[in-house]
2 protein chains.
Amino acid sequence: MLKLDARRRILLRTVVEEHVRTAEPVGSEHAALRGRLQVSPATIRSALASMEELGLLTHPHTSAGRIPTDRGYRVYVDMLPKADPASSSARQKMRRRLGDPAEEPGDVANDAARVLAGMTGYASVVAAPALQEQTFSSLHLVPMGERRALAVIATDSGALQGHSIELPEGVVPDDLEHLSRAITQWLRGSRVGDLTHQRLEQVLGEASHHHRWLEEVKAWLCRGLARGVRPQIRVAGARHLLAEPEFKSPDRATRLFEVLENESVLDGVLAAVPEEGVWILIGEENPHEQLRSCSLVMAAYRAGDRRGGTVGILGPTRMRYRSAVTAVRCVAESLSEAMRSSA
Amino acid sequence: MLKLDARRRILLRTVVEEHVRTAEPVGSEHAALRGRLQVSPATIRSALASMEELGLLTHPHTSAGRIPTDRGYRVYVDMLPKADPASSSARQKMRRRLGDPAEEPGDVANDAARVLAGMTGYASVVAAPALQEQTFSSLHLVPMGERRALAVIATDSGALQGHSIELPEGVVPDDLEHLSRAITQWLRGSRVGDLTHQRLEQVLGEASHHHRWLEEVKAWLCRGLARGVRPQIRVAGARHLLAEPEFKSPDRATRLFEVLENESVLDGVLAAVPEEGVWILIGEENPHEQLRSCSLVMAAYRAGDRRGGTVGILGPTRMRYRSAVTAVRCVAESLSEAMRSSA
DNA sequence: GGCTGGCACTCCTCCGCCCGGAGTGCCAGC
DNA sequence: GCTGGCACTCCGGGCGGAGGAGTGCCAGCC
């Protein structure tokens with residue numbers, strides 16, 4: 001663990017915060033002033049130089065001020081006071097801005113993304129609760145046209161997932177209805193992710209020998225639901241990033257936006273966030289090549305008593321981490337609360 | 001109607017296509033060469049000057065070549081050969097790239113947006129079929145927790161829409177099921193947009209006097225479904241726009257991305273597209289202020305025998321209109337076909 | 001009348017240059 | 001361990017000139 005004396009800690013904080021504010025390198029004189037350190041710039045310079053040796057700062061060229069390295073940001077972030085959970089008044093205000101998840105379950109992720117982007121001025125990324133983490137509530141087989149049925153799964157948090165299957169001749173609506181009811185009763189309360197092949201075999205086994213097309217339902221239930229379902233990821237406020245000087249070069253911006261349009265990459269990053277606390281990835285810490293020039297501040301939320309999804313902020317490494325952490329924590333907590341009360 | 005002689009038509013086409021290709025003003029000599037006109041640059045110059053008087057061309061400064069005005073692009077576009085419908089082989093190839101809408105109804109718009117962006121190298125915008133244009137297929141009231149039910153509507157093209165409602169005491173799952181079945185039977189086959197208050201009053205009237213909570217279902221059915229449901233709009237390939245020189249200035253790009261993140265503006269534009277043909281808006285023609293520096297190429301597609309949604313391309317006014325029109329038409333036709341066969 | 005080559009003119013863009021300023025590292029002295 | 005002084009480095013902006021692309025106009029030609 002890195003040990004910094006008080007002056008260096010103050011200096012690191014000052015350099016980070018000034019650089020974040022102005023996007024310019026911070027000189028020794030300016031740092032002394034802003035850090036309210038009552039020593040001369042020369043003294044500051046030697047301290048800065050030592051922190052450069054530690055890998056916390058660099059300077060872009062000989063006669064420029066200091067800017068933090070990724071490692072510097074990391075140490076800065078770890079030094080931030082562990083904020084207490086968002087005040088309940090803040091959370092209430094937040095909940096009013098998020099739609100009522102009980103009313104329009106699908107839209108909450110959307111709202112959260114929008115609110116988060118608006119609060120922070122960065123891009124936000126929100127993953128809806130993964131279907132397989134939710135609790136199975138019902139299956140409906142709805143006749144569609146002559147030889148097709150729409151199989152609809154509903155979960156206890158109100159998510160819907162449909163899939164159309166072909167029917168053999170001779171299946172009548174009543175068959176579908178009986179079957180829907182039976183399957184619903186058998187499976188209600190299961191975790192969707194637990195609907196493995198064996199489990200379905202047990203439940204549907206006998207019937208599916210008689211009805212060949214049930215195989216298709218079964219296949220869909222485990223393949224489609226276990227993991228094939230596309231992750232629902234919302235991005236909002238991407239436009240804010242264009243204003244940041246680090247993304248003013250078109251190809252940097254392009255690379256960034258490639259990631260933001262790539263759901264599987266985003267899903268990978270968001271899914272790796274632990275259930276508790278705010279998770280931060282700074283520049284080079286990022287597992288994904290294309291995200292190495294940005295930072296992510298993320299937190300998981302809960303849906304009822306299961307893991308829900310993840311909310312996050314994406315911005316330049318030169319990010320206002322403190323407000324990002326506050327916003328992410330507040331939205332995640334509010335979402336958890338909203339989705340607890342509706343379950 | 002504007003009359004141009006053959007030479008001027010060739011020149012307009014040449015200037016537009018060269019400018020589109022290079023993003024640079026086109027000089028008289030270059031235009032003569034590229035247009036294979038066997039006259040001297042001086043002659044070309046006088047023709048260009050006359051077209052400038054007509055408002056089809058400008059030049060950025062005295063000693064620069066010509067660039068098209070919005071009006072020039074418009075005349076150019078109107079001159080394009082009315083392409084015949086996409087060849088069936090192209091459409092087949094396309095359909096393979098679009099997921100099977102029968103399988104994952106929700107994802108088709110997503111796929112279409114992605115394909116369109118990939119084909120053209122611009123941003124694509126796809127509106128899913130509006131719920132109210134679809135045909136009601138079934139309603140399910142699924143019990144959720146103690147005092148809530150999830151009301152789910154399914155349409156014949158496989159779209160799902162859920163809404164959670166509160167139940168009074170004493171309603172048991174069997175009530176919900178009977179009611180679901182009854183409502184489904186009463187309403188099956190109606191256009192969702194036709195589920196007006198009166199219509200529901202007729203159907204539910206008697207029952208809803210006995211069951212107060214039915215009012216809530218009814219209110220949702222007409223309010224929520226008639227128009228309150230958020231339009232489903234997918235944007236893909238926005239990153240491509242960052243590479244265009246016209247959007248390299250951050251604030252132009254920002255303004256553009258504001259629109260792309262604003263679903264209601266996009267919905268307004270897409271909903272105004274006529275059912276037949278490819279609809280093009282060039283620069284100043286655009287009703288929305290913020291879209292005045294871009295062009296849109298759009299076409300509606302059909303879902304079964306009703307109006308479906310709209311697909312479109314958004315790019316700079318300096319756009320490869322021909323390939324955009326081809327792509328948009330091809331995707332719209334393939335979508336219409338895919339959604340006909342699945343209905 | 002329409003087309004042509006010639007010509008003067010305009011204006012942009014690029015390049016090299018220089019200079020001021022900001023900030024550094026080092027050092028001797030307190 | 002802190003300080004002021006000092007030499008040094010390097011960036012960024014401003015200036016000016018050269019080069020070049022393209023124009024408009026005009027007199028002459030077919």
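Below, read A as the first sequence line, B as the second, and so on, with proteins coming before strands; counting in each chain starts at 1.
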Note, Val15(B) side chain near Pro68(B) side chain (heavy atom, < 4.5 Å)
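Side-chain contact under 4.5 Å: yes.
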
For Phe247(B), give me all partners under ring-ring contact (aromatic ring centres under 6.0 Å, His included), at least two apart in sequence or on another chain.
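For Phe247(B) there are no ring-ring contact (aromatic ring centres under 6.0 Å, His included) partners, ignoring immediate neighbours.
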
The criterion is ring-ring contact (aromatic ring centres under 6.0 Å, His included); which residues satisfy it with Phe257(A), sequence neighbours excluded?
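Applying ring-ring contact (aromatic ring centres under 6.0 Å, His included) to Phe257(A) gives Phe257(B).
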
Step through the shown structure and confirm whether more than 12 heavy atoms of other residues, nucleotides or ligands are within 6.0 Å of CZ on Arg252(A).
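No, the 6.0 Å shell around CZ holds no more than 12 heavy atoms from other groups.
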
So with a 6.0 Å cut-off around CZ of Arg239(B), is the heavy-atom count from everything else above 12?
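Count over threshold, so yes.
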
Produce the list of close N/O pairs, under 3.5 Å, pairing protein atoms with atoms of nucleotides 11-14 of chain C; give distances to one decimal.
unit_1	atom_1	unit_2	atom_2	d
dC11(C)	O2	Ser63(B)	OG	3.2

Please list, chain by chain and in numerical order, all residues satisfying side chain to side chain contact (heavy atoms under 4.5 Å, CB included) with Thr317(A), sequence neighbours excluded.
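Partners of Thr317(A) by the side chain to side chain contact (heavy atoms under 4.5 Å, CB included) criterion, ordered by chain and then number, come out as Asp70(A), Tyr73(A), Ile282(A), Ser295(A), Tyr321(A).
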
Quick check on contacts: within residues 38-48 of chain B, what sits under 4.0 Å from DNA chain D by heavy-atom distance?
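Heavy-atom contacts with DNA chain D come from Arg45(B).
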
Rounded to the nearest 0.5 Å, how far apart are CG of Leu57(A) and CD1 of Ile67(A)?
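Spacing of CG (Leu57(A)) from CD1 (Ile67(A)) equals 9.0 Å.
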
Inter- and intrachain pairs under salt bridge (charged side-chain N to carboxylate O under 4.0 Å, His left out), touching residues 114-124 of chain A, at least two apart
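Pairs touching residues 114-124 of chain A that pass the test: none.
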
Could you note down all residue pairs passing salt bridge (charged side-chain N to carboxylate O under 4.0 Å, His left out) where residues 282-292 of chain B supplies at least one of them, sequence neighbours left out?
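Output for this query lists Arg74(B)-Glu285(B), Glu289(B)-Arg292(B).
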
What base-paired stems does DNA chain C take part in, with at least 3 consecutive Watson-Crick or G-U wobble pairs and both distances under 3.5 Å?
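So the stems come out as C:1-30 with D:1-30.
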
Hey, where on DNA chain D does chain A first and last touch, going 5' to 3'? Cut-off is any atom under 4.0 Å from a heavy atom.
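Span of nucleotides near chain A: dC2(D) to dC11(D).
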
Is a donor on one side and an acceptor on the other found under 3.5 Å between the side chain of Arg320(A) and the backbone of Thr120(A)?
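Yes; judged by distance alone, with no hydrogens or angles, the pair exists.
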
Within the side chain of Arg71(B), is there an N or O that forms a donor-acceptor pair under 3.5 Å with the backbone of Leu54(B)?
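Yes; judged by distance alone, with no hydrogens or angles, the pair exists.
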
What heavy-atom pair brings Pro287(B) and Leu281(B) nearest, and what distance separates the two atoms?
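Smallest heavy-atom distance, with atoms named: CD-CD1, 4.0 Å.
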
Atom pairs and distances, donor-acceptor, side-chain atoms in residues 25-36 of chain B, under 3.5 Å, two or more places apart:
unit_1	atom_1	unit_2	atom_2	d
Ser28(B)	OG	Arg45(B)	NH1	3.2
His30(B)	NE2	Glu18(B)	OE1	2.8

Who are the salt bridge (Lys or Arg N to Asp or Glu O under 4.0 Å) partners of Glu24(A), not counting sequence neighbours?
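Not a single residue meets the salt bridge (Lys or Arg N to Asp or Glu O under 4.0 Å) criterion with Glu24(A).
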
Check DNA chain C against residues 9-34 of chain A and give the residues with a non-hydrogen atom under 4.0 Å, in numerical order.
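The answer is Gly27(A), Ser28(A).
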
Could you tell me if Ser323(A) and Thr326(A) have a donor-acceptor pair between their side chains, going purely by distance under 3.5 Å?
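Looking only at side-chain atoms, Ser323(A) and Thr326(A) do not form any donor-acceptor pair under 3.5 Å.
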
